[in-house]
Amino acid sequence: MSSVILITTSLRAGSNSDRLADEVERGAKDAGCDVVRVSLKGKEIKFCKGCLACQKTQRCVIKDDAVEIAAQIGNADALVFFTPIYYYEMSGQMKTLLDRCNPLYTSDYKFRKVYLVTTAAEDDDRAPEKAIAGLQGWIDCFEKATLAGTLFCGGVNDAKEVEKYAGKLTEAYNFGRNLNQH
């Protein structure tokens with residue numbers, strides 16, 4: 001059984017990203033994955049100071065919620081990040097969390113597969129390209145990991161708007177069902 005961590009980065013109540021995460025989670029559980037879900041809502045995640053102490057100690061000097069989230073990330077077989085697209089890029093809180101995962105760089109992290117699910121008001125397949133490139137840059141620093149798949153849900157702006165699109169919810173469910181197969 002694969003252990004999967006779902007990391008939802010939208011801070012908005014009723015977000016489309018969270019609703020898609022519900023379906024990915026349901027699909028992954030139905031496929032037999034052990035799923036942990038972490039939301040950044042209400043979490044304190046400070047900016048990386050760039051001190052690089054974590055490269056020697058594998059521990060961050062900043063004491064906040066990012067420390068525990070990074071530990072959970074390091075112990076999962078697969079990671080699925082969920083982010084709304086802001087100005088054609090991942091959310092700032094997602095980028096801040098990725099920066100704070102620097103202690104994992106020199107660790108014996110477990111994850112091999114990383115996935116990205118994005119939502120955007122614009123329904124253009126190019127909308128998530130820079131978010132994908134940004135995550136790929138992070139993954140490139142972890143030589144045992146690969147970007148194993150992405151899912152984009154465009155044309156959703158208002159909270160819970162994705163509920164109008166059963167096909168997109170089904171696609172998210174199937175994405176979760178297939179996490180073990182990529």
Side-chain angles (χ1 to χ4, degrees), residues 2-26 28-29 33-87 89-120 128 130-142 144-145 147-148 150-151 159-160 172 175-176 179:
S2 290
S3 65
V4 178
I5 185 169
L6 309 180
I7 301 148
T8 61
T9 69
S10 178
L11 303 181
R12 178 167 67 172
S15 77
N16 294 302
S17 298
D18 284 352
R19 183 62 186 96
L20 291 174
D22 293 341
E23 291 304 308
V24 171
E25 180 176 11
R26 190 169 67 86
K29 285 181 176 178
C33 294
D34 179 24
V35 180
V36 171
R37 184 163 167 177
V38 174
S39 172
L40 299 190
K41 284 185 190 109
K43 299 288 193 289
E44 180 184 18
I45 301 175
K46 297 177 184 173
F47 294 116
C48 176
K49 295 179 180 185
C51 69
L52 299 179
C54 63
Q55 297 295 292
K56 295 177 186 141
T57 65
Q58 294 177 346
R59 292 187 185 155
C60 186
V61 299
I62 302 169
K63 305 301 178 213
D64 63 7
D65 293 318
V67 174
E68 176 59 30
I69 296 169
Q72 289 177 294
I73 288 171
N75 288 319
D77 296 315
L79 318 175
V80 185
F81 290 96
F82 296 81
T83 186
I85 298 297
Y86 296 153
Y87 298 103
E89 184 51 278
M90 71 180 75
S91 66
Q93 53 274 17
M94 179 172 161
K95 175 62 170 113
T96 300
L97 177 64
L98 292 177
D99 290 347
R100 290 294 305 288
C101 287
N102 204 36
L104 297 174
Y105 178 70
T106 57
S107 74
D108 188 23
Y109 57 90
K110 282 181 61 180
F111 62 88
R112 299 297 182 263
K113 297 178 181 181
V114 181
Y115 302 87
L116 180 63
V117 177
T118 56
T119 61
K130 291 178 183 152
I132 294 167
L135 181 60
Q136 183 65 63
W138 182 80
I139 295 167
D140 288 346
C141 296
F142 294 91
K144 297 182 280 185
L147 180 61
T150 64
L151 176 64
K160 301 180 184 179
F175 189 84
L179 290 177

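Under the 3.5 Å distance criterion, the side-chain polar atoms of T8 are left unmatched by any main-chain donor or acceptor of S10. Side-chain atoms of T9 come within 3.5 Å of backbone N or O of F82 as a donor-acceptor pair. Between the side chain of S107 and the backbone N or O of L104 there is at least one donor-acceptor pair closer than 3.5 Å. Between the side chain of E89 and the backbone N or O of G134, no donor-acceptor pair lies under 3.5 Å.
Results of the side chain to side chain contact (heavy atoms under 4.5 Å, CB included) test with L135 over L147, L79, T118, T83 single out L147 as the only residue that passes.
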Inset, instruction - Tell me, with the steps shown, if Q72 and V36 meet side-chain contact (heavy atoms from CB on, under 4.5 Å). - result: CA-CA 9 Å; Q72 289 177 294; V36 171; 3.8 Å; yes
Legend entry - Derivation of the side-chain contact (heavy atoms from CB on, under 4.5 Å) call for M94 and I7: CA-CA 9 Å; M94 179 172 161; I7 301 148; over 6 Å; no
Legend entry - Stepwise side-chain contact (heavy atoms from CB on, under 4.5 Å) check, I69 with L40: CA-CA 9 Å; I69 296 169; L40 299 190; 3.8 Å; yes
Legend entry - Evaluation steps, side-chain contact (heavy atoms from CB on, under 4.5 Å), between V61 and C51: CA-CA 9 Å; V61 299; C51 69; 3.9 Å; yes
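The shortest heavy-atom contact between V67 and I62 is CG2-O, 3.2 Å. The minimum heavy-atom distance linking I5 with A76 is given by the pair CG2-CB, 3.7 Å. Contact record, L151 with A172: CD2-CA, 3.7 Å, taken as the closest heavy-atom pair. Between C101 and F142, the shortest heavy-atom distance links the atoms O-CZ, 4.2 Å. Closest approach of N16 to A159, counting heavy atoms only: OD1-C, 4.4 Å. The shortest non-hydrogen separation linking F81 to L98 is CZ-CD2, 3.7 Å.
If you check the side chains of D34 and S3, you find no donor sitting under 3.5 Å from an acceptor. One side chain, S17 or T119, offers a donor N or O that lies under 3.5 Å from an acceptor on the other.
Each side-chain hydrogen bond (donor to acceptor under 3.5 Å, both in side chains) pair with one or both residues in residues 43-54, not counting sequence neighbours, would appear here, but there are none.
The side-chain heavy atoms of V38 and L6, taken from C-beta on, include no pair separated by under 4.5 Å. With contacts defined as side-chain heavy-atom distances shorter than 4.5 Å, the pair L20/D22 does not qualify. Within the 4.5 Å cutoff, the side chain of R100 has heavy atoms near those of the C60 side chain.
Q136 is linked by a side chain to side chain donor-acceptor pair (under 3.5 Å) to D140, counting only residues two or more places apart in sequence or in another chain. Scanning for side-chain contact (heavy atoms from CB on, under 4.5 Å) contacts around K144 gives D108, Y109, R112, with sequence neighbours left out. Checked against side chain to side chain donor-acceptor pair (under 3.5 Å), T150 has no partners two or more places apart in sequence or in another chain. Contacts of R26 classified as side chain to side chain donor-acceptor pair (under 3.5 Å), with partners at least two apart in sequence or in another chain: E23. Remark: E25 engages K29, R37 in a side chain to side chain donor-acceptor pair (under 3.5 Å) (not counting sequence neighbours).
With values rounded to the nearest 0.5 angstrom, L11 atom CG is found 9.5 Å from D18 atom CG. Taking CG of L179 as the reference point, atom OG of S2 lies at 8.5 Å (rounded to 0.5 Å). Distance CG/D65 to CD1/I45: 6.5 Å, rounded to 0.5 Å. Here N102 contributes atom CG and Q58 contributes atom CD; the two are 11.0 Å apart, rounded to the nearest 0.5 Å. Atom NZ of K110 sits about 6.5 Å away from atom CG of N75, to the nearest 0.5 Å. In this structure, CG in D64 is found 11.5 Å from CD in E68, a value given to the nearest 0.5 Å.
In this structure, K160 places its NZ atom where only 12 or fewer heavy-atom neighbours from other residues, nucleotides or ligands lie under 6.0 Å away. Environment of CZ in R12: crowded, with over 12 heavy atoms of neighbouring residues, nucleotides or ligands closer than 6.0 Å. F47 CZ: 12 or fewer foreign heavy atoms inside a 6.0 Å radius. Within 6.0 Å of NZ on K95 lie no more than 12 heavy atoms contributed by other residues, nucleotides or ligands.
Aromatic ring pairs are classed by plane angle as parallel below 30°, tilted from 30° to 60° and perpendicular above 60°; the pair Y115 and F175 is perpendicular.
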